[in-house]
Amino acid sequence: MFTGIIEALGRVESIRPESGEHRLRVSSEALDFSDVRTGDSIAVNGVCLTVTDFAPPWFDADVSGETLRLTTLEDLRYGSPVNLEKALTPRTRLGGHLVSGHVDGMGRLVSSEPEGGSVRMVFEVPPELARYVARKGSICIDGTSLTVNDVEGVRFSVNIIPHTQTATVMHSYRPGCAVNLEVDVIARYLERLITCETGGIDAAGQGGLTAAFLSEHGFGAPGSH
C-alpha cells in the first residue's frame, strides 16, 4: 500500500525484454535507499513494482506485458521522468489516501490552465471508471494523491499547487497526454457491498442501490424522520 505522496522523482535508465518480462531500471538521486531491500515494492507513476535488484542510485523491477498494455509504462523511454514512492510502513504518515498501486485504467489530460499560483487540470476518464469519481473525493494520478474539485460526466478537474507541480511529473503534462488512474478503493468496495446486499448483480457483475433496500434499512424519504 502507498499514500499517494510522491517521495522523489526518478528517470528511466532502460526498459528491455528479459525472460518473457521487461526489466525496468530507474535511477534517482533523491530517493532514500537506506531501507530498500530486494522484494520491496516501489510505485513508479502509480504502478506497484517489485524491486529485483538495486545499487543506489538505481533499482530494477520486472514489468509484465499486461502491465505495459494497461498502463502508461509502455510509453516510457530512456530519460523519461517518473514519480516514485516506497510502500508505506506502520510509522508512515498517511498524508494522502490509501493507494494500492493497482492501476484501474488510463485517462487523458483535456486542458491545463493557470489559476493563481496553481494550475487547474481537467482529465477525462474511461466511462466505466467515471462512477467512482466524486466531487471532493480522492483520486490517484500517476501515483499522486489528489482531491477532485468538480465532476462533469466523464471529466473531472483537480487543482495542482506549486509544490506538486515541481515535486511530481505533473509539470511535464500537456493536453492529450495519457495518465495512470487509480480510483478510491473505498468507492470500489462500497459499490460491491451495495450490489451484494441488494442482490441486484447481473451476469456482468453489475447492480444498484434501490429505494426498497434503503427503506428496509431505515433510510426513508426526506422529511420522513
task = Identify the heavy atoms of L70 and M106 that sit nearest to each other, and give their distance.
result = O-CG, 3.8 Å
key: NZ/NE/NH1/NH2 to OD/OE distance under 4.0 Å, D53 and R25   = no
ask   = Can you name the one residue among V103, V47, V99, L129 that meets side chain to side chain contact (heavy atoms under 4.5 Å, CB included) with E182?
value = V99
key: T67 OG1 to D62 CG distance, which is reported to the nearest 0.5 Å   = 10.5 Å
ask   = I42 versus L31: any side-chain heavy-atom pair under 4.5 Å?
value = yes
query = How far does OG of S27 sit from CZ of F54, to the nearest 0.5 angstrom?
reply = 15.0 Å
With N180, the side chain to side chain donor-acceptor pair (under 3.5 Å) member among T72, D104, N83 = T72
note = CD1 (I15) and CG (L73) are apart, to the nearest 0.5 Å, by 6.5 Å
ask   = Side chains of H97 and V185: closer than 4.5 Å at any heavy-atom pair?
value = no
request  = State yes or no: do L68 and L24 share one hydrophobic cluster built from I, L, V, M, F, W and Y residues joined by side-chain heavy-atom distances below 4.5 Å, directly or via other members?
outcome  = yes
note = Excluding L146, membership of its hydrophobic cluster (Ile, Leu, Val, Met, Phe, Trp, Tyr; side-chain heavy atoms within less than 4.5 Å) reads L9, L109, V119, M121, F123, V125, V133, I139, I141, V148, V151, V154, F156, V158, I160, V169, M170, Y173, V179, L181
request  = Test F2 against S41 for side-chain contact (heavy atoms from CB on, under 4.5 Å), laying out the working first.
outcome  = CA-CA 9 Å; F2 304 89; S41 295; 4.0 Å; yes
inquiry  = Can you give me the closest heavy-atom contact between T166 and H163, atom names plus distance?
reply    = OG1-O, 3.0 Å
task = Please lay out, stage by stage, how F59 and T38 fare under the test side-chain contact (heavy atoms from CB on, under 4.5 Å).
result = CA-CA 9 Å; F59 69 90; T38 301; over 6 Å; no
query = Do the non-hydrogen side-chain atoms of V63 and R23 ever get within less than 4.5 Å of each other?
reply = no
Pair D40 + K86, salt bridge at N-O below 4.0 Å = no
ask   = In Å, rounded to the nearest 0.5 Å, how long is the span from CG of D60 to CD of E13?
value = 10.0 Å
query = L84, V36: one ILVMFWY side-chain cluster at the under-4.5 Å cut-off?
reply = yes
message = Walk me through whether L98 and I186 qualify under side-chain contact (heavy atoms from CB on, under 4.5 Å).
response = CA-CA 9 Å; L98 287 176; I186 296 176; over 6 Å; no
Non-hydrogen atoms of P175 and S111 that approach each other most closely = CG-CA, 4.5 Å
remark   = Between H171 and T168, the two heavy atoms sitting closest are ND1-O, 2.7 Å
remark   = side chain to side chain donor-acceptor pair (under 3.5 Å) with S157: of E113, E152, R135, R120, only one passes, and it is R120
task = Mind running side-chain contact (heavy atoms from CB on, under 4.5 Å) on D32 and E7 for me, showing each step along the way?
result = CA-CA 9 Å; D32 179 10; E7 293 183 66; 5.8 Å; no
note = Closest non-hydrogen atoms of R69 and E74, given as atom of the first, atom of the second and distance, are CA-OE1, 4.3 Å
message = Ignoring hydrogens, what is the shortest heavy-atom contact between S100 and C48? Give both atom names and the distance.
response = O-CB, 4.0 Å
task = List for me each residue that meets side-chain hydrogen bond (donor to acceptor under 3.5 Å, both in side chains) alongside T3, sequence neighbours excluded, and say none if there are none.
result = E85
